[in-house]
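Only one structure is covered here, and it is reproduced in the block below.
Hydrogens, waters and symmetry mates are skipped; everything else that's a heavy atom, side chains included, is used.
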Amino acid sequence: MGSGNAEKLSKSSLRNRNPKRKRLPLGPNRPKKTEAKSNKNNSKNINFSGKKKDESKINHRSSSGSSRIAAAEQLSFFVDQYQSALGIQLSSLELEPIKDKCILELSQGFDQSASNLGDHMKAAFGSSWKEVLCEKHLLEGKIDPGNPAVLVIGLSALRSLELLRGLRALTKDCPAAKLFSKHMKIDDQVSFLKNRINIASGTPSRIKKLIDMEALGLTRLAVIVLDMYTDVKGYSLFTLPQVRDEFWDLYKSCFHQLVVRGDLRICLYGLMMPISSIVTQKSR
């Protein structure tokens, strides 16, 4: 009898050892854990303010080329950069001829990665793209040597080469000119520019030098592609100090009047951030 009482006490003590713990029912009445798992997954899309992130906005910004900046906004950004770099303020009279049409609006069918630059240029030149960008023969009185239709201006020699790879489909018959100083002798570039050139890519300082030497001509130039790529240190064509100064010197002396006359269009290639974000970053 004593042993029976001891057994009852031991069972009751086990039940009362953790009085707060509730036994879960078995079978179909057992609660499911899917809700907790769902909340765990949803927490990935919640920011510190407790609000869900808009996934469409995240993808919109991270996908190169998915966001579109209107020509007017691009032009305003470009003019602001021009005035800031040169420390000038253009008058309303000077600004009047600089219209939205000065900006080349790119096709929304392709993102603005280096590999798609050729597709964008084909679209920009319409039905005449093959004649303008691919033909290799000089035409006396119409197409002189060393006069490209498209000039790509990049941050560095390596970036210029990367952009040229994106144009490879257009340069099989008429090779593109590489206009940068790294591993390239200027005499060799001068010799190369004695041929028909449809597309050229390079850095501001070497481009300016070849123009000054009259080896590189601008009579056919229809589009300047300004690469807005940002390197690992956060610098771009408009923000890397020495390159920025060289670019604006080149633009002011060689391109600005062509833009004002409507003979040359500007392509801000890869400018995908909202303009307000760029201005905010610059002011910090």
Side-chain angles (χ1 to χ4, degrees), residues 74-75 77-82 84-86 98 102-106 112-118 120-121 124-125 132-133 146-168 170-171 175-184 186 189 192-193 197-213 215-231 235-260 263-272 278:
Q74 291 187 56
L75 180 61
F77 166 72
F78 182 79
V79 171
D80 286 346
Q81 294 288 314
Y82 176 61
S84 176
L86 299 181
I98 307 175
C102 298
I103 297 294
L104 174 62
E105 289 196 272
L106 298 174
Q112 292 183 30
S113 60
S115 60
N116 284 333
L117 182 55
H120 282 292
M121 291 302 103
F125 282 87
V132 176
L133 301 176
N147 282 266
V150 174
L151 180 59
V152 184
I153 305 176
L155 174 69
S156 64
L158 285 174
R159 181 60 181 172
S160 297
L161 285 172
E162 187 177 353
L163 291 163
L164 281 177
R165 282 193 285 272
L167 294 160
R168 191 174 290 166
L170 304 176
T171 58
K178 301 171 184 177
L179 309 180
F180 43 80
S181 58
K182 192 171 186 178
H183 306 308
M184 300 289 289
I186 197 163
Q189 290 170 330
F192 188 82
L193 289 169
I197 304 294
N198 298 321
I199 296 170
S201 178
T203 52
S205 59
R206 180 53 62 93
I207 291 170
K208 175 72 161 52
K209 193 166 186 177
L210 289 164
I211 292 173
D212 290 343
M213 293 173 67
L216 178 64
L218 306 176
T219 57
R220 284 183 71 214
L221 192 60
V223 175
I224 50 171
V225 178
L226 308 182
D227 182 35
M228 295 289 99
Y229 164 81
T230 302
D231 68 11
Y235 287 115
S236 71
L237 183 66
F238 287 175
T239 59
L240 186 61
Q242 183 178 347
V243 174
R244 176 196 61 203
D245 295 342
E246 290 167 350
F247 167 73
W248 289 114
D249 178 46
L250 167 66
Y251 174 81
K252 182 184 177 183
S253 58
C254 301
F255 302 140
H256 185 65
Q257 288 306 313
L258 294 175
V259 171
V260 169
D263 296 331
L264 178 64
R265 289 187 293 171
I266 299 165
C267 171
L268 299 177
Y269 195 71
L271 183 64
M272 302 318 304
I278 298 172

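Under the side-chain contact (heavy atoms from CB on, under 4.5 Å) criterion, Thr203 pairs with Ser160, Phe180, Ser205, Arg206, not counting sequence neighbours. Listed by chain and residue number, Pro148, Leu151, Ala177, Leu179, Ile197 satisfy the side-chain contact (heavy atoms from CB on, under 4.5 Å) test with Ala200 (two or more places apart in sequence, or in another chain). Annotation: ring pair (Phe, Tyr, Trp, His ring centres under 6.0 Å) contacts of Phe238 (sequence neighbours excluded): Phe247, Trp248. Residues satisfying the side-chain contact (heavy atoms from CB on, under 4.5 Å) test with Asn147, not counting sequence neighbours, are Asp144, Thr219, Arg220. Glu105 meets the side-chain hydrogen bond (donor to acceptor under 3.5 Å, both in side chains) test with Arg68; sequence neighbours excluded. Take Ala124 and apply the side-chain contact (heavy atoms from CB on, under 4.5 Å) test, not counting sequence neighbours, and it matches Leu104.
Residues Asn198 and Val150 form no side-chain contact, since every pair of their non-hydrogen atoms from C-beta on lies 4.5 Å or further apart. You'll find the side chain of Leu258 stays beyond 4.5 Å of the side chain of Ile224, heavy atoms only. Taking the side chain as every heavy atom from C-beta outward, Leu163 and Tyr229 never approach each other to under 4.5 Å.
Here the closest non-hydrogen pair linking Val223 and Leu264 is N-CD1, 3.6 Å. Nearest heavy-atom pair, Leu155 versus Tyr235, reported as atom, atom and distance to 0.1 Å: CD2-O, 3.7 Å.
Within the model, atoms CG of Asp231 and CG of Leu237 stand 11.5 Å from one another, a figure rounded to the nearest 0.5 Å. Taken from CG in Leu250 to NZ in Lys209, the straight-line distance is 14.5 Å, to the nearest 0.5 Å. If you take CG on Leu161 and NZ on Lys182, they are separated by 9.5 Å, rounding to the nearest 0.5 Å. Rounding to the nearest 0.5 angstrom, the gap separating the CE atom in Met121 from the CG atom in Leu106 is 5.5 Å.
A salt bridge links Glu162 with Arg159: the closest approach of a Lys/Arg side-chain nitrogen to an acidic carboxylate oxygen falls below 4.0 angstrom.
A donor-acceptor pair is defined here as one N or O able to donate and one able to accept, closer than 3.5 Å; such a pair exists between the side chain of Tyr269 and the backbone of Ser113.
Annotation: Phe125, atom CZ; neighbour count of heavy atoms from other residues, nucleotides and ligands within 6.0 Å is above 12.
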